[in-house]
Number of protein chains: 2
Amino acid sequence: MHKKITINDIATLAGVAKSTVSRYLNGGSVSQHTRQKIDRIVEEHNYAPNTFAQSLKQQVNHTIGVIVPRLDSIAQSDMLRGLDELNKNDTFLIVNIYQNSQRELAAIKKLQSQNVSGLIVLTANLTDDIREALKESQLPIVIQGQDEPDFHRVILNDMQAGQAVGQYLKTLTPKNVLLLKVDATLDRAVGHDRFVGIDDAVLGIPHKEVVTDFKLDVAKSDALIAMEKEKFDLIIGASDRIVVGAMQSAFSLHQQPRFIGFGKSYFSETVTPNLTSFEFDFFETGKQLYRLFLTIRDHPQTEIQRIVMDGKLVVRDSTDLM
Amino acid sequence: MHKKITINDIATLAGVAKSTVSRYLNGGSVSQHTRQKIDRIVEEHNYAPNTFAQSLKQQVNHTIGVIVPRLDSIAQSDMLRGLDELNKNDTFLIVNIYQNSQRELAAIKKLQSQNVSGLIVLTANLTDDIREALKESQLPIVIQGQDEPDFHRVILNDMQAGQAVGQYLKTLTPKNVLLLKVDATLDRAVGHDRFVGIDDAVLGIPHKEVVTDFKLDVAKSDALIAMEKEKFDLIIGASDRIVVGAMQSAFSLHQQPRFIGFGKSYFSETVTPNLTSFEFDFFETGKQLYRLFLTIRDHPQTEIQRIVMDGKLVVRDSTDLM
DNA sequence: TTGTAAGCGTTATCAC
DNA sequence: GTGATAACGCTTACAA
């Protein structure tokens, strides 16, 4: 209702100097008497400090830019939840760049011009431009995704993931395995690292490899083509979404192979049968990111940190039912 | 690398007054000569204005607080995408309140103290506290969700949704219908409005009503109990998630009823069979929200606006296949 | 075209 | 315990 009240207004209303009000607000020593007067006024007018003036004066602010590649993913929203979980005094300025590196570059620039006090980048793949822009920045920065040697980072142990799935695969004694991969040059962690252990495990087992795409439709039709030619009793996809595509193709072909996915998605427990999947704890990953960020913000000289998050295989009906 | 440079530094480096630099930056008249000098310096030092000082001076800023009830929902992320789509100069400060009204109240307070220039609230249900806090605020505010008469708002036409599903339902000539509702006192739009047309349509058709919960597990077990007692050939749920729960129960009972959901979710096209669902265009809803916000921000005296978004029934395999 | 100076709301220093 | 006063970086009359 009332116009925004300032420290100055309070001072005149209380008949004191603004510096006294400031002291009052910041817990300095104030006499009983003035304290009460100011108390009343602050209460009544619902005073809130002007954060711009504060930031300007104090030369610090508690806004952290968070760049996310997308929002419609459980991985991203869980990581954000992890950030929120540990947050006390910071404000996260979340920018969705819609998996577009142009937008990402623009976001970095814009966030810097907004004087954020640091950057948490959840995007996996840094282009040269972006890597450059981040390096030039004097801000504390933490990234999540690929294993970039020049940055403080929290990464997922995709190697371990592949090993675990490889081990498990053997216990299923499949007759013919279909591997749905993605282009390793676009996403090394997923396209390459995740499959090292699996490639090992399928040696000696009949199998076929198809390079497909993260999109559901593409994966679905690529899988369909492969499954029409020969029959598989185990299908492993580079991501849950890819596997769901394959499931739909299987359904339409009246086939019932077993399935293994990766990631942790909205799907694993809603598709039928529920999907066996190697899952990472993105919530915990978010917390680690924030901890790491605080560390390097408060100790700028810290040497480059690299935190690796392990995951675990969650066995559900898609490999268990039949 | 370099410490942050200010307008003052540029001025001394260029040997001019800082007001000249300011004029240069804001497109005022500057001579060829000085322009070039300043150009060089700005370029070289990668000058970016201090937004705090700017906002402090200009008494305006372009940060809009956006309160979302959750992030792991296609509805929310599509609305946010709608906001981004139309955005030119604003910065959205997104706060996830995790469907917790305590957090929501805190978020409103915090955003105000951060001097945002307005609020876009995507939460459906306002508690008295929150309604109060929003009313007291002198900021431009737009809400999405329930039909709150005192606020500028964009709402979904849940009445129309129910009518459309009711119409369609009749064409399916079901023998026995299961309606999975939610508590109307908690969410009137979903619990009540969505079912008006459906309740009409099932008059004269055998049917059963169960009040369940938005959570997948709860819906699943509530559906299971009902489905064990009698057999249904059509199941309608208040949300897609609820229907997915029912689908899983049907699967485990080896039943194959038809299904209709509401909302637009990550599930509709990943479950098998794909789900027939009444869908709203949340992307468009987000755009409308932003348009409405700009209108009321720029014309504070505008009378209360109410925008209604229609949706449409998308028929997929879950009612079509058998 | 350019410079001087005041002021945005806050904090901090330093006399009183 | 209190109150001038300067300063943070920027914009904006107004004067030169």
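Residue numbers begin at 1 in each chain, while the letters A, B, ... track the order of the sequences. All values below come from the heavy atoms of this structure, side chains included, with hydrogens, waters and symmetry mates left out.
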Using a 4.0 Å heavy-atom cut-off, does [X] contact any base of the nucleic acid, only the sugar-phosphate backbone, or nothing at all?
X       : result
B:Tyr24 : nothing
A:Thr6  : sugar-phosphate
B:Ser22 : base
A:Thr34 : sugar-phosphate

Provide, to the nearest angstrom, the distance between the [atom1] atom belonging to [X] and the [atom2] atom belonging to [N].
X        : N      : atom1 : atom2 : answer
A:Lys37  : D:dT2  : NZ    : C1'   : 11 Å
B:Gln58  : C:dC8  : CD    : C1'   : 11 Å
B:Ile5   : D:dC8  : CD1   : C1'   : 16 Å
B:Phe52  : D:dC10 : CZ    : C1'   : 13 Å
A:Asn8   : D:dA4  : CG    : C1'   : 13 Å
B:Asn115 : C:dT10 : CG    : P     : 9 Å
B:Leu25  : D:dC10 : CG    : P     : 8 Å
A:Lys18  : C:dG9  : NZ    : P     : 9 Å

Any donor-acceptor N or O pair under 3.5 Å, side chains [X], [Y]:
X        : Y        : value
B:Gln144 : B:Thr285 : no
B:Asp84  : A:Tyr98  : yes
A:Thr63  : A:Gln114 : no
A:Ser22  : A:Ser19  : no

Could you check whether the side chain of [X] and the base of [N] have a donor-acceptor pair of N or O atoms closer than 3.5 Å, going by distance alone?
X       : N      : result
B:Ser19 : C:dT2  : no
A:Arg23 : D:dG3  : yes
A:Lys57 : C:dT11 : yes

**OP:** Taking only the side-chain heavy atoms of A:Asn50 (C-beta and beyond), determine which of D:dG1, D:dG3, C:dG9 contains the nearest atom.
**Re:**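 Nearest listed nucleotide: C:dG9.
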Original post:
Can you tell which of C:dT11, C:dT2, C:dG3 lies closest to the side chain of A:Gln54?
Top reply: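 Given the options C:dT11, C:dT2, C:dG3, the side chain of A:Gln54 is closest to C:dT11.
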Subject >> Comparing B:Leu56 and B:Thr20 on DNA chain C - which has the more 5′ nearest nucleotide >> reply: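 Whichever sits nearer the 5' end wins; that is B:Thr20.
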**OP:** Measure up the A:Phe293 and A:Tyr290 rings against each other and bin them: parallel (under 30°), tilted (30 to 60°), perpendicular (over 60°).
**Re:**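 Taking A:Tyr290 first and then A:Phe293, their aromatic rings lie parallel (interplane angle under 30°).
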Original post:
Looking at A:Gln59, does any N or O in its side chain come under 4.0 Å of the phosphate oxygens OP1/OP2 on D:dA7?
Top reply: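 The answer is no; no side-chain N or O of A:Gln59 sits under 4.0 Å from OP1 or OP2.
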**OP:** Output yes when at least one side-chain N/O atom of B:Tyr47 is less than 4.0 Å from OP1 or OP2 of D:dC10, else no.
**Re:**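 So the side-chain polar atoms of B:Tyr47 do come within 4.0 Å of the phosphate oxygens OP1 or OP2 of D:dC10, strictly under.
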